[in-house]
Amino acid sequence: MRHQKWQIRRWGFLSFPGASLLALMLISGAEAGETVLSGGATMQQNYDSNIHRTDRNRVNEWTTAFSPNIAIDSTGQYHSLFLKYSPSVVYSHLTDNERWDHFLTTGLNKELGERLSFSVRDTFVRAEDPYSDEESGIELSDSRGRNRYWTNNVTASLGYEYARESSITFSYLNMILDNDERLDDDYVKHRPGISIKQRFSSHWQAEADYFFTKGNFEEDDDLENHAGDLYIYYLPTTFSKFFVHGGYTTNQYQGISNDYDISRASIGFEHQLSSSSDVRLEGGGSFLNRDVRDDKEAFYFTVAANKKFQHGFLSLNGEGGIDEQQFDGTSELDVSRYWLISSAFNYSLTSSLVAGTTFSYREDTYWERTPEEKEELVKAEASLSYTFWRWYTATARYVYSMRDADVSTRCYDDNRVFLELTYNKDFFHW
């Protein structure tokens, strides 16, 4: 599959956010609105105790980074547009070398008619460290360690509301990962999809979606994935919602990897306890059907509780079932039975001082490996930010990660410390 390298680079050029920005400007340029130009810079001192994410021959590193940034936000009656670009020069005290990283994201939301809307978002990252961002949909595993790469993620959707609280949405996602080194696999991911929401009455509604994923890998087997979900909701009150859920996923590899299907069935409940708190409970089963090996099953569940305070928030989450990990930036096309718990807490101690913590524990049993393997992953983070002189923020952040696996070469723990000073200001309004 070495011919796909050219294909990956070609698609990367076409998807570069500069082209997306030009399109966004043309679409929204004719409409008057308010535009804000802002910018600033961040000086950061970092310490990483285990840059290669290994339990042997551990290497620690101090780095100093300077990151200017510029942002444009434009809001009109029928559109909102944003762009943010932040290059970063990073100096390594270990190698006595410097590198340039780049972070660029653009986005547009546009009302094309009374019931027709369009949105697009493009995120480009050029860096060495693993990167995760839930909003852009990029999640590269921390176990990659240091490996220079670029990745670009484009998402677009076109939605039409054909009746009250009833709509149809067409979507498309394109994601590219290109590593400088040959340690991990490059890929191009295409995912078109359709989602339908239907309100039948004041008490009944349904949601259905279907996605097709085409994954072109340079080294590993290419993948075709079909996935669909159906939710039927019953709303006895405006604050409560009961639902039943059925889902199906089929994976077909264009190579020696074994094909498999996953089906899910569950029931659940959502309730708005107050204007500042809510809960969600869901439970059922996940069933793995394999062409070659024995079938497997796992308990499927999600638990979520959220509470907002006057000066902060607290969220608690848990989930479990069967998971697939084809696009985490590693060369492991794995399916596992998993469960995890996580929490996030943020609180404003004063009007200028904010503290935050996050924690997660995840356990995976990988069925496709021979023999089966178990892994545990712990992540924790704590931060303290102080804003002063209106435009300045000083932040101290500590991040801990630990992986304990049956295979010793996959075990590691890592401690990271970040000290940073940030300046940000709105420069122009028009």
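Side-chain N/O atoms of S143 and S141 include a donor and acceptor closer than 3.5 Å. Residues D229 and H245 have side chains that bring a donor and an acceptor to within less than 3.5 angstrom of each other. A donor-acceptor pair shorter than 3.5 Å can be found between the side chains of N179 and N147. Using modelled atom types, one finds no donor on one side chain facing an acceptor on the other under 3.5 Å when comparing E111 with S117. Side-chain atoms of E282 and T302 include a donor-acceptor pair closer than 3.5 Å. D221 and S257 are linked by a side-chain donor-acceptor pair at a separation below 3.5 angstrom, with hydrogens and angles left out of the test. Using a 3.5 Å distance cut-off with no hydrogens or angles, the side chains of S88 and S67 do pair a donor with an acceptor.
Atoms CG and OG1, on L421 and T395 in that order, are 8.5 Å from each other to the nearest 0.5 Å. To the nearest 0.5 Å, atom NZ of residue K296 and atom OG1 of residue T365 are 9.5 Å apart. Atom-to-atom distance recorded for N153:CG and I176:CD1 is 9.0 Å, nearest 0.5 angstrom. If you take CG on L314 and NZ on K308, they are separated by 13.0 Å, rounding to the nearest 0.5 Å. Rounded to the nearest 0.5 angstrom, N258 CG and Q252 CD are separated by 13.0 Å. From K379, atom NZ reaches atom CG of D414 across 11.0 Å, with rounding to the nearest 0.5 Å.
Here the side chains of Y423 and T393 are not in contact, with every heavy-atom distance at 4.5 Å or above. Inter-residue side-chain proximity for R191 and Y172 is flagged as unmet; no heavy-atom pair is nearer than 4.5 Å. The shortest side-chain heavy-atom distance between I262 and E324 falls under the 4.5 Å cut-off.
The cationic atom of R264 (NZ for Lys, CZ for Arg) does not lie both less than 6.0 Å from the six-membered ring centre of Y248 and within 45° of the ring axis. Relative to the six-membered ring of F418, R397 meets both conditions, a distance below 6.0 Å and an angle of at most 45° to the axis. Because its NZ or CZ atom is not both nearer than 6.0 Å to the ring centre of F82 and within 45° of the ring axis, R121 does not count as a cation-pi partner of that residue. Geometric assessment of R290 against the ring of Y260 yields a negative cation-pi assignment under the 6.0 Å and 45° thresholds.
When all heavy atoms of R199 and R164 are compared, the closest pair comes out as CB-O, 3.7 Å. Of all the heavy atoms in I168 and Y162, the pair that sits closest is N-CE2, 3.9 Å. Closest heavy-atom contact between Y149 and D129: OH-O, 2.8 Å. The shortest heavy-atom contact between L384 and A355 is CD1-CB, 3.8 Å. Minimum interatomic distance between Y187 and F327 (heavy atoms only, all atoms of both residues): OH-O, 3.4 Å. Nearest heavy atom pair, residue A41 against residue N69, reads N-ND2, 3.7 Å.
A salt bridge links D364 with R362: the distance from a Lys NZ or Arg NE/NH1/NH2 to an Asp or Glu carboxylate oxygen falls below 4.0 Å. Of the charged side-chain nitrogens involved, at least one lies within less than 4.0 Å of a carboxylate oxygen, so that R403 and E375 count as a salt-bridged pair. Between D48 and R53 a salt bridge is recorded (basic side-chain N to carboxylate O distance below 4.0 Å). In this structure, E61 pairs ionically with R146, as a charged nitrogen and a carboxylate oxygen lie closer than 4.0 Å.
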Side chain to side chain contact (heavy atoms under 4.5 Å, CB included) for Y412 and M402? Distances and angles first, verdict last. CA-CA 6 Å; Y412 68 86; M402 184 275 293; over 6 Å; no

Hey, mind stepping through R99 and E128 against salt bridge (Lys or Arg N to Asp or Glu O under 4.0 Å) and telling me if it holds? CA-CA 9 Å; R99 69 176 190 267; E128 285 189 2; 3.5 Å; yes

Does the side chain to side chain donor-acceptor pair (under 3.5 Å) test come out yes or no for T213 and H190, once each step is laid out? CA-CA 6 Å; T213 301; H190 305 274; over 6 Å; no

Show the numbers, then the answer: is there a side chain to side chain contact (heavy atoms under 4.5 Å, CB included) between E319 and W339? CA-CA 6 Å; E319 62 180 76; W339 66 272; over 6 Å; no

Going through the distances and angles, do E139 and S132 end up as a side chain to side chain donor-acceptor pair (under 3.5 Å)? CA-CA 4 Å; E139 184 173 0; S132 296; 4.9 Å; no

Apply ring-ring contact (aromatic ring centres under 6.0 Å, His included) to the pair F299 and F301, showing each step before the final yes or no. CA-CA 7 Å; F299 179 56; F301 72 94; 5.6 Å; yes

Begin from the C-alpha positions of T250 and N225 and carry the test side chain to side chain contact (heavy atoms under 4.5 Å, CB included) through to its verdict. CA-CA 6 Å; T250 178; N225 172 285; over 6 Å; no

Show your reasoning for whether side chain to side chain contact (heavy atoms under 4.5 Å, CB included) applies to R126 and D180. CA-CA 11 Å; R126 171 69 166 164; D180 285 8; 3.1 Å; yes

Show, in sequence, the C-alpha distance, side-chain angles and deciding distance for N415 and Y47, and conclude whether the side chain to side chain donor-acceptor pair (under 3.5 Å) test is met. CA-CA 8 Å; N415 298 274; Y47 171 75; over 6 Å; no

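Looking at H311, its side chain never comes within 3.5 Å of a backbone N or O of S348 through a donor-acceptor pair. Checked by atom type and distance alone, the side chain of D185 pairs as donor or acceptor with a backbone atom of E219 at under 3.5 Å.
The environment of E98 atom CD is sparse: at most 12 non-hydrogen atoms of other residues, nucleotides or ligands sit within 6.0 angstrom. Atom NZ of K307 is surrounded by more than 12 heavy atoms from other residues, nucleotides or ligands within 6.0 Å. Heavy atoms of other residues, nucleotides or ligands lying less than 6.0 angstrom from CD of E165 number more than 12. Within 6.0 Å of NZ in K241 there are more than 12 heavy atoms belonging to other residues, nucleotides or ligands. Under a cut-off of 6.0 angstrom, the local environment of CD in E207 is crowded, with over 12 non-hydrogen atoms contributed by other residues, nucleotides or ligands. Atom CZ of F239 sits in a sparse spot, with 12 or fewer heavy atoms from other residues, nucleotides or ligands closer than 6.0 Å. Annotation: I267, atom CD1; neighbour count of heavy atoms from other residues, nucleotides and ligands within 6.0 Å does not exceed 12. For CD of Q272, the number of neighbouring non-hydrogen atoms (other residues, nucleotides, ligands) closer than 6.0 Å is greater than 12.
Between W100 and H102, the angle of the ring planes stays under 30°, which puts this pair in the parallel group of the 30/60° scheme.
Aromatic pair W204/Y233: ring centres not closer than 6.0 Å. When ring centroids are compared, F103 and Y85 stay outside the 6.0 Å threshold. The aromatic ring centroids of Y361 and F359 lie 6.0 Å or more from each other.
Considering S171, S195, S119 as possible partners of S157, the one that fulfils the side-chain hydrogen bond (donor to acceptor under 3.5 Å, both in side chains) test is S119.
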